2 protein chains.
Amino acid sequence: MQKIPEATIGRLSVYSRYVGSLEKKGILTVSSAEIAEGVNGSPAQVRKDLAYFGEFGTRGVGYNVESLNQQIIKILGLSIRWNVVIIGAGNLGSALTQYKGFQNRGFNTLAVFDNDVNKVGLKISGVPIYPIDRLEEFVKKENIQIGIVAVPFQYAQEVVDRLVKAGIKAVLNFAPCVISVPSQVEIRNVDLTVNLEILTFNMGANKF
Amino acid sequence: MQKIPEATIGRLSVYSRYVGSLEKKGILTVSSAEIAEGVNGSPAQVRKDLAYFGEFGTRGVGYNVESLNQQIIKILGLSIRWNVVIIGAGNLGSALTQYKGFQNRGFNTLAVFDNDVNKVGLKISGVPIYPIDRLEEFVKKENIQIGIVAVPFQYAQEVVDRLVKAGIKAVLNFAPCVISVPSQVEIRNVDLTVNLEILTFNMGANKF
DNA sequence: CCGGAAATGTTATTATTTTCACAGGGGGGT
DNA sequence: ACCCCCCTGTGAAAATAATAACATTTCCGG
């Protein structure tokens, strides 16, 4: 039980997507060098990343595409389905609700919550929009593990606090702000501005 | 001219946002410990990150809020405005177009492109939607430096190739796939599924 | 059945990033 | 003017991560 770099986990997710695409093409075997090429990585890193979790390949041969993908999916915790709610039915919340990629990877979006009474009662790709007051009740009753926060930053901490109180296990936050959660709750931030600003820094970064 | 960790740049962006909020509150001085608290970081790291670029503080006192923020903004390359196009006028593209945070940080979204003739001619928060055929022409003529790609993954590489040919400097890609660009073009991927899967890994990760 | 090519798993090395500790400069009170 | 507290900047140490190198295993052809 050693510590695994978070970057490794991110890469495993990418490997899984790539290996999945090979599986669909009917390819049976793949080498670390081929995976590396498919994901813009290095063969050594692919092998190292996988080696944290066991021996999945055959020396001299490579990896069985199907079983490798199953193993990675298991490692990532995707062999069970996860119940998700999205808070915020604006454009971003709607985009996330409609996004097929989540379904495919085992995430069930069961509801969207919003404080706009005009939106309540509508559906987004079949997912109902509920009033924000019902958030805690729903999270508890439906055993929701993951909350995706797509509200304006002013409301984000409050929404997260309510999710935490209702027993959420993990939060994916899109609001551009720092959120505090107790240590047993997992949180990740997807910060659009930060990403853009890393780009602008790199574009100008010959001076340093 | 030493190498600066990318994580440092990401944190500078967050510092800037935090320090900007202090500025709005009329706070004049801030210490590294206070910044650290505001962004869930450590004081030493705040100081180290800033020290890559110079000495911005006063020993025994702290940092002047206003000038610190100006310095960070300059470091991040945000003292000039950047011209941006968004490709894809779906929910995600619309959300990005409407997002105020970009404007505030110096990003001008000049156009959205889509291949849906029903959307062409409409506007999103005042930003016009143009047909995708006009992409290259527009990028060249309007001197667009940054392209934000919010199209289905099947089209992403093609769109990026076209942006690159038209002379784009940087790409922010939201499509869940690996994109190849020549080395002089900056690219960053915002991969929603990867972020969710890091969460699920962490939720189950007592076994490793 | 043997030898060579191929590709993994693993150890060692190198590079990078974070954390720690403290010297140095600055301001305010007495 | 001096002392003491405060907080930065920085060099050294520790921790973490990436890369390289290689020993080992497998397959295949002759």
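A quick note: this is a predicted structure, and the numbers were derived from the prediction, not measured.
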Let me know, please, whether A/S42 or B/A51 comes out on the 5' side of the other along DNA chain D by nearest nucleotide. B/A51
Quick one about A/S13 and A/R105 (side-chain donor to acceptor, distance below 3.5 Å, no hydrogens or angles considered), yes or no? no
Whole angstroms only, please: what is the CG-P distance between B/N40 and C/dT18? 15 Å
Select one nucleotide: of C/dG9, D/dT8, D/dA20, the one nearest the side-chain heavy atoms of A/A44. D/dA20
Between C1' on D/dA20 and CG on A/D49, what's the gap in Å once rounded to a whole number? 15 Å
Interatomic distance where CZ belongs to A/R59 and P belongs to D/dC27 [whole Å]: 13 Å
Name the closest nucleotide to the B/R47 side chain, picking from D/dT26, C/dT17, D/dT10. D/dT10
Taking OH from A/Y52 and C1' from C/dT11, how many angstroms apart are they, rounded to a whole number? 13 Å
Applying side chain to side chain contact (heavy atoms under 4.5 Å, CB included) to B/Y99 and A/T193, what does each step give before you reach the verdict? CA-CA 10 Å; B/Y99 180 46; A/T193 307; 3.5 Å; yes
Rounded to whole Å, the OH-C1' distance (B/Y63 to C/dG26) equals 14 Å
Please check if any side-chain donor atom of B/Q157 sits under 3.5 Å from a side-chain acceptor atom of B/D161, or the reverse. yes
I'd like to know if the side chain of B/N40 reaches the main chain of B/A36, judged simply by a donor and an acceptor atom lying under 3.5 Å from each other, with no hydrogens or angles considered. no
Can you tell whether the side chains of B/K169 and B/E186 come within less than 4.0 Å, N to carboxylate O? no
To the nearest Å, how far apart are A/E55 CD and C/dG9 P? 6 Å
In residues 6-31 of chain A, what residues come within less than 4.0 Å of DNA chain C, judged by heavy atoms? A/S31
Where the side chain of B/K3 is defined as all heavy atoms beyond and including C-beta, which of C/dT17, D/dT8, C/dT8 is the nearest nucleotide? C/dT17
What is the distance from CD of A/Q45 to P of C/dT16, rounded to the nearest Å? 14 Å
B/E142 side chain to B/N83 side chain, donor-acceptor N/O pair below 3.5 angstrom: no
Classify the ring geometry of B/Y130 against B/F113: parallel below 30°, tilted from 30° to 60°, perpendicular beyond 60°. tilted
Ignoring hydrogens and angles, answer whether the base of D/dT19 and the side-chain atoms of A/K48 contain a donor-acceptor pair closer than 3.5 Å. yes
Could you tell me whether the phosphate oxygens of C/dT8, OP1 or OP2, come under 4.0 Å of any side-chain nitrogen or oxygen in A/T58? no
In whole Å, what is the span from the CD1 atom of B/I35 to the P atom of D/dG9? 10 Å
